Every structure is written in structure tokens, then in C-alpha cells.
Amino acid sequence: MISRHTIIEDNLTGPEIRALLEEHFAGMLANSPEESCHFLDFDGLKGPGVTFWSIWNDAQLMGCGAMKEIDPAHGEVKSMRTHSAQLRKGAAAAMLEHIIATARERGYRRLSLETGSTPAFDPAHALYLRYGFEYCGPFADYKEDPFSRFMTLML
């Protein structure tokens, strides 16, 4: 578990976070066809309705996560990624707890996500299931895709 961590709203300009996101983008493309990858690029993560956070243990970047507002009652988890050197230290759980708490503070009634369906995404599925997310059909502008899994949490 994390002994000390800080979650900050991040402006995506630091070299550590940019490198982690490049790794995230490459990982998505390595595990799903390009047309089935729905990650937000740097501009998308800075777009309207998106809040992006990074999680740190002192000066060590542990991971990141974002939330996009779909509508005033529905948010979407985006760009959850743990730094490869920080796996199994609680960063993903801490970030997801932060996103869920922020969604509740904003008055969202539902928090959803799209993730991959290949075995590389099994740890993510397990995390989301542990926090009460359930599998669902496509939401917002998503379409059925064998490389996507959709999950939702009623708040």
C-alpha cells in the first residue's frame, strides 16, 4: 500500500506525466486495434469537461487518471494508468477512490468507463469490479466492439 501519496490536478506539462501518458497510449495500441482504442490524447485530456490528475509518492510519479463529464449526471473514467515501477502499491485504487469521490461531489448519479477486453486488461477489470462497477452496454457515443468492455457504477 501507499505510505504517502498526493493526488494533484495536473496540467500535463511535466516530463514524467508526458512519458507515462506516451507509455499509456502505446500500451493501448499494443493491446487493441487502433479503431478500438478510445483513449484521449494530450489535447483531449486538456479539453472541456475533462479533469486530469496525477498521483505522487514524494517526487515519484505513481500514476494518473481522468474524468470526463458526459452530462451533468454522468461522468466517465479516462486514462487510468499506473507507472510500471509502481505496480501493486495502491496507486490505482487511490486514484479510483479519488475519481469516485469527485464524481459524487459533482452530483453525478453514474460513473462509467470503457476499457479493453484482452487479457492485458484483466487487472483493470478486477479493480473496477472490486469498487462496485458492473458490466454494461455501450454508453455515450460508444458502439459494441469485441475489443471493448463497458462498465458502470451507480452513485
Side-chain angles (χ1 to χ4, degrees), residues 2 7 9-10 12 16-55 61-155:
I2 302 171
I7 296 174
E9 194 167 325
D10 198 301
L12 300 122
E16 300 96 337
I17 198 64
R18 293 191 71 82
L20 179 62
L21 286 168
E22 291 287 356
E23 179 183 316
H24 176 61
F25 304 155
M28 298 300 99
L29 292 167
N31 288 289
S32 299
E34 185 173 355
E35 64 274 6
S36 297
C37 290
H38 304 286
F39 60 83
L40 296 174
D41 62 12
F42 291 107
D43 288 337
L45 289 168
K46 292 179 183 179
V50 178
T51 306
F52 181 83
W53 298 277
S54 56
I55 183 168
L61 175 63
M62 298 190 77
C64 62
M67 184 166 52
K68 178 181 178 181
E69 183 172 292
I70 295 172
D71 64 47
H74 191 184
E76 180 181 4
V77 177
K78 299 294 290 183
S79 300
M80 285 279 296
R81 184 70 174 203
T82 301
H83 191 287
S84 58
Q86 302 294 331
L87 295 173
R88 289 172 287 289
K89 295 181 181 177
M95 180 59 71
L96 187 57
E97 289 171 7
H98 180 78
I99 291 171
I100 292 169
T102 302
R104 286 188 171 122
E105 288 170 12
R106 291 181 181 178
Y108 295 163
R109 293 191 304 268
R110 181 177 170 198
L111 187 60
S112 301
L113 62 94
E114 180 277 337
T115 189
S117 64
T118 64
F121 296 95
D122 288 351
H125 301 160
L127 174 70
Y128 297 130
L129 289 168
R130 193 166 65 242
Y131 278 86
F133 283 80
E134 297 177 350
Y135 292 107
C136 65
F139 58 92
D141 295 330
Y142 291 107
K143 308 277 187 266
E144 283 290 346
D145 182 330
F147 290 95
S148 289
R149 291 251 174 94
F150 303 98
M151 302 179 84
T152 198
L153 174 68
M154 300 309 291
L155 300 172

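The first residue of the sequence shown is numbered 1, and numbering continues consecutively from there. From a predicted model like this one, the values you see are computed outputs, not experimental measurements.
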Looking at every non-hydrogen atom in both residues, tell me the closest pair between Ala93 and Leu127 and how far apart they are. CA-CD1, 4.1 Å
To check you understand the geometry: which heavy-atom pair defines the closest contact between Ser117 and Pro146, and what is its length? OG-O, 2.6 Å
Over all atoms of both residues, closest heavy-atom pair of Arg81 and Met28: NH1-CE, 3.7 Å
For the backbone of Leu87 and the side chain of Thr82, can you confirm whether one donor and one acceptor N or O come within less than 3.5 Å of each other? no
Inter-residue atom distance Ser36.OG - Asn31.CG, 0.5 Å rounding: 12.0 Å
Do the non-hydrogen side-chain atoms of His98 and Ile55 ever get within less than 4.5 Å of each other? no
Going from CZ on Phe150 to CD on Glu144, what distance comes out if it is rounded to the nearest 0.5 angstrom? 6.0 Å
Is any side-chain heavy atom of Asp145 closer than 4.5 Å to a side-chain heavy atom of Glu114? no
Might you confirm whether atom CD of Glu34 has over 12 heavy atoms from other residues, nucleotides or ligands at distances under 6.0 Å? no
Consider side chain to side chain contact (heavy atoms under 4.5 Å, CB included). Of Leu45, Ile17, Thr51, which one does Asp10 pass it with? Ile17
Examine distances only and state if a side-chain atom of Arg18 and a backbone atom of Leu12 form a donor-acceptor pair shorter than 3.5 Å. yes
Test item: Lys143 and Pro138 side chains (from C-beta on) under 4.5 Å apart, heavy atoms: no
Before you tell me yes or no, could you show the steps for Leu96 and Phe133 under side chain to side chain contact (heavy atoms under 4.5 Å, CB included), namely the whole-Å CA-CA distance, both residues' side-chain angles and the distance that decides it to 0.1 Å? CA-CA 11 Å; Leu96 187 57; Phe133 283 80; 4.2 Å; yes
Is it the case that more than 12 heavy atoms not belonging to Asp141 sit under 6.0 Å from its CG atom? no
Strictly distance-based, threshold 3.5 Å: is any side-chain N or O of Lys46 a donor or acceptor partner for the main-chain N or O of Phe52? no
Nearest-0.5 Å distance, OH of residue Tyr131 to CD1 of residue Ile100: 7.0 Å
Would you say the side chain of Leu153 lies within less than 4.5 Å of the side chain of Tyr108, judging by non-hydrogen atoms? no
Please name the pair of heavy atoms, one in Cys136 and one in Arg110, separated by the smallest distance, quoted to 0.1 Å. SG-NH2, 4.4 Å
Could you tell me which non-hydrogen atom of Phe25 sits nearest to which non-hydrogen atom of Asp41, and how far apart they are? CZ-CA, 3.9 Å
Glu76 side, atom CD; Glu69 side, atom CD - distance, nearest 0.5 Å: 12.0 Å
With rounding to the nearest 0.5 angstrom, report the OG to CE distance, Ser54 to Met95. 6.5 Å
Flag side-chain contact, heavy atom, 4.5 Å: Met67 against Leu111: yes
For Phe121 and Tyr128, I'd like to know if the aromatic rings sit close, meaning centre-to-centre distance below 6.0 Å. no
Using a 4.5 Å cut-off on heavy atoms from C-beta on, say whether the side chain of Leu21 contacts that of Phe39. no
Report the distance from atom CZ of Arg109 to atom CZ of Arg104, rounding to the nearest 0.5 Å. 14.0 Å
Exercise: identify the closest heavy-atom pair between Thr152 and Ser112: OG1-OG, 2.8 Å
Over 12 non-hydrogen atoms of neighbours within 6.0 angstrom of NZ in Lys68: no
Do His125 and Thr115 have a side chain donor and acceptor closer than 3.5 Å? no
Might you confirm whether atom CD of Glu134 has over 12 heavy atoms from other residues, nucleotides or ligands at distances under 6.0 Å? no
